[in-house]
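Below you'll find the structure I mean.
As a basis for the values below, the full set of heavy atoms in this structure was taken, side chains included, without hydrogen atoms, waters or symmetry mates. As the structure is a prediction and not an experimental result, all values here were calculated from the model. Letters A, B, ... are given to chains in the order of the sequence lines, protein chains preceding strands, and every chain is numbered from 1.
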Protein chains: 2
Amino acid sequence: MGTTQLESVPEPKYWHLKTVLTEALDSEFSVGEILPNERDLAARFGVARATLRQALEQLELEGRLQRRRGVGTTVAPPRVGVAVGTEQHAWPGAASDAWQPVDCEQAAPPASVAAALETGADEPVHTVRRSRMSHGQPVATELLYVPAASVPDLTAIDTPSGAARARAVLRELQHLSLESQDRAVELGSARADDAKELDRLPGSPVLVVTTRFFAAGRTAALSVATYRADTCRLTFGDSPDVEIHHDPERRAS
Amino acid sequence: MGTTQLESVPEPKYWHLKTVLTEALDSEFSVGEILPNERDLAARFGVARATLRQALEQLELEGRLQRRRGVGTTVAPPRVGVAVGTEQHAWPGAASDAWQPVDCEQAAPPASVAAALETGADEPVHTVRRSRMSHGQPVATELLYVPAASVPDLTAIDTPSGAARARAVLRELQHLSLESQDRAVELGSARADDAKELDRLPGSPVLVVTTRFFAAGRTAALSVATYRADTCRLTFGDSPDVEIHHDPERRAS
DNA sequence: GAGTGGTCTAGACCACCGC
DNA sequence: CGGTGGTCTAGACCACTCT
């Protein structure tokens with residue numbers, strides 16, 4: 001008797017808040033517009049600031065909002081499509097692949113990288129840093145690991161430093177014939193240095209694209225690219241210029 | 001004078017906590033082991049429970065931990081590689097593509113889907129639900145939108161319902177010749193129904209893979225697949241069986 | 001300096017699981 | 001039922017940006 005519990009599954013406040021805010025964003029706000037600050041918003045919805053923030057966090061994760069400390073919260077533009085699968089059967093650095101060489105150092109790679117390269121822990125590896133821009137904003141950073149054995153003609157003498165050295169490594173790489181490659185995408189959180197370069201806070205969600213390049217029966221290079229998950233949609237198709245804008249958090253059909 | 005601020009950039013507590021916990025996971029714990037509960041852990045580290053949870057949340061996002069309400073926190077196994085790019089030039093449903101038909105209904109799709117299908121809002125669309133398992137665990141759910149025009153021989157009469165109807169739609173799809181396809185990956189948060197099927201809470205981070213199938217100069221089908229971001233690594237390469245286990249949050253080199 | 005988002009606290013209660 | 005993680009509160013202070 002009595003307890004006709006139609007409210008048996010009360011959805012969390014932050015979830016409901018997110019729904020309300022999503023609808024407001026769709027109907028009442030335009031891209032770039034700044035929202036009221038968190039204290040005001042929380043008061044307006046009658047919740048604690050922490051609860052409001054939980055909703056904002058998810059909306060930022062979904063690419064709907066952009067928050068910047070000291071500035072405010074703004075409505076984010078639709079995610080940019082970033083082509084990741086077009087350079088099939090081409091070495092990194094070939095014919096302008098949207099990446100910009102930044103730096104290069106020869107050092108022992110992390111253990112996980114050494115394992116993937118199937119190389120000894122003592123074998124020297126060139127570590128090339130590159131970055132990628134889109135619409136004037138940095139969208140990705142990359143660490144490209146190239147075993148010294150893959151670029152035998154490159155001596156320590158004739159490689160100056162910094163970007164020039166990075167370009168030299170990439171140039172040497174073109175001499176090998178690429179047999180195949182291998183890609184994987186997973187979710188990660190930004191390291192401190194990547195976060196700085198991507199203009200985000202450490203720990204921000206990122207899409208990590210790991211690519212292995214095979215040549216001469218070996219893993220000739222390994223690329224670990226870190227894309228901003230909030231602003232990027234990685235495209236793999238034959239026509240990378242399309243814009244779908246599918247809502248990652250869509251309402252029930 | 002005095003203030004020789006070598007501590008000028010104090011890293012947040014939760015960040016430091018995460019580092020400590022990561023190292024502990026690497027050295028002192030094995031897969032499947034259960035951690036102390038959050039209240040004990042927080043007390044042990046001398047922080048508030050909310051602060052500890054912030055660290056745990058990131059570790060779960062990175063696939064290092066698995067938390068389940070009412071049960072506890074356990075050390076997660078390495079992410080499973082899930083092949084996403086092998087069915088090149090093949091229709092969904094062809095020759096066992098790891099997906100299992102669940103359901104099918106004929107309804108008006110969300111606006112964003114209708115736009116991607118370049119179909120009128122009034123044109124009927126078959127919506128096939130499928131799910132994907134790996135290692136006995138559900139890893140993905142999919143909504144496959146097939147405009148009625150793509151499967152003209154399928155009448156409402158001879159399609160029973162549920163999984164059988166889903167299979168019928170997939171079977172009819174094979175009659176078209178697939179011209180090309182298009183893929184995109186982005187971060188999203190799980191809808192309530194997807195979350196339930198993936199054994200996660202609503203809002204959990206997911207990788208949304210949107211695939212468009214082209215035939216006869218049209219978009220003949222649209223697939224929106226939702227993968228658990230904490231447990232999955234999407235693989236696109238020619239050899240999907242490899243295991244890299246690259247640490248998404250790796251320490252400085 | 002004023003205003004923003006980011007971090008942190010010490011509590012409370014709830015929803016869920018397994019015994 | 002007891003124990004777990006999930007939600008929520010009402011504060012406080014900090015780091016940052018802009019003016």
### Query
Looking at B/K18 and B/E62, does any basic side-chain N land under 4.0 Å from a carboxylate oxygen?
yes

### Query
Of A/P12 and B/P36, whose closest DNA chain D nucleotide lies nearer the 5' terminus?
B/P36

### Message
Is A/R67 close enough to C/dT4 that one of its side-chain N or O atoms is under 4.0 Å from OP1 or OP2 there?
### Response
no

#### Entry: Residue A/V71, side-chain atoms from C-beta onward, closest of C/dT7, D/dG6, D/dT17
D/dT17

### Summary
Tested for salt bridge (charged side-chain N to carboxylate O under 4.0 Å, His left out) against B/E38, the lone hit among B/R69, B/R53, B/R44 is B/R53

### Task
Provide, to the nearest angstrom, the distance between the CD atom belonging to B/E57 and the P atom belonging to C/dC8.
13 Å

### Task
Write down the distance between CG (A/D40) and P (C/dT4), rounded to a whole number of angstrom.
7 Å

### Query
With sugar-phosphate meaning primed atoms plus P, OP1 and OP2, does B/L56 contact a base, only sugar-phosphate, or nothing at under 4.0 Å between heavy atoms?
nothing

### Query
Whole-Å distance between C/dC16 P and B/L201 CG?
9 Å

### Task
Salt-bridge test for B/D194 and B/R228: reply yes if a basic N is under 4.0 Å from a carboxylate O, no otherwise.
no

### Task
Respond yes when some side-chain nitrogen or oxygen of A/Y14 is under 4.0 Å from OP1 or OP2 of D/dT7, and no when none is.
yes

### Message
So, OP1 or OP2 of C/dG3: does either fall under 4.0 Å of a side-chain N or O from A/N37?
### Response
no

### Message
In whole Å, I'd like the distance from the CG atom of A/L17 to the P atom of D/dT7.
### Response
13 Å

## Note on the structure
Against the side chain of B/E38, the closest entry in D/dT9, C/dT9, D/dG6 is D/dG6

#### Entry: Gap between atoms CD and C1', on B/Q58 and C/dG6 respectively (whole Å)
13 Å

### Task
State which of D/dC8, D/dG6, D/dA12 makes the closest approach to the side chain of A/R49.
D/dA12

### Message
Using whole Å, what does the distance between atom P of nucleotide D/dC16 and atom CZ of A/R69 come to?
### Response
5 Å

### Task
Starting from the 5' end of DNA chain D, give me the residue, A/T51 or B/R200, whose nearest nucleotide shows up first.
B/R200

### Query
Do A/D97 and A/R130 meet the salt-bridge criterion of a basic N to acidic O distance under 4.0 Å?
yes

### Message
Any donor-acceptor pair, under 3.5 Å, between the side chain of A/R39 and the base of C/dG5, if you only look at N and O atoms?
### Response
yes

#### Entry: Nearest-Å distance for atom pair NZ/C1', residues B/K13 and D/dC14
12 Å

### Query
For B/L143 and B/V128, what are the C-alpha separation, side-chain angles and deciding distance, and is it a side-chain contact (heavy atoms from CB on, under 4.5 Å)?
CA-CA 6 Å; B/L143 284 178; B/V128 178; over 6 Å; no

### Message
Measure CZ/A/R68 against P/D/dC18 and give the value in whole Å, please.
### Response
7 Å

### Query
Reckon B/T73 has a side-chain N or O less than 4.0 Å from the OP1 or OP2 of D/dT4?
no

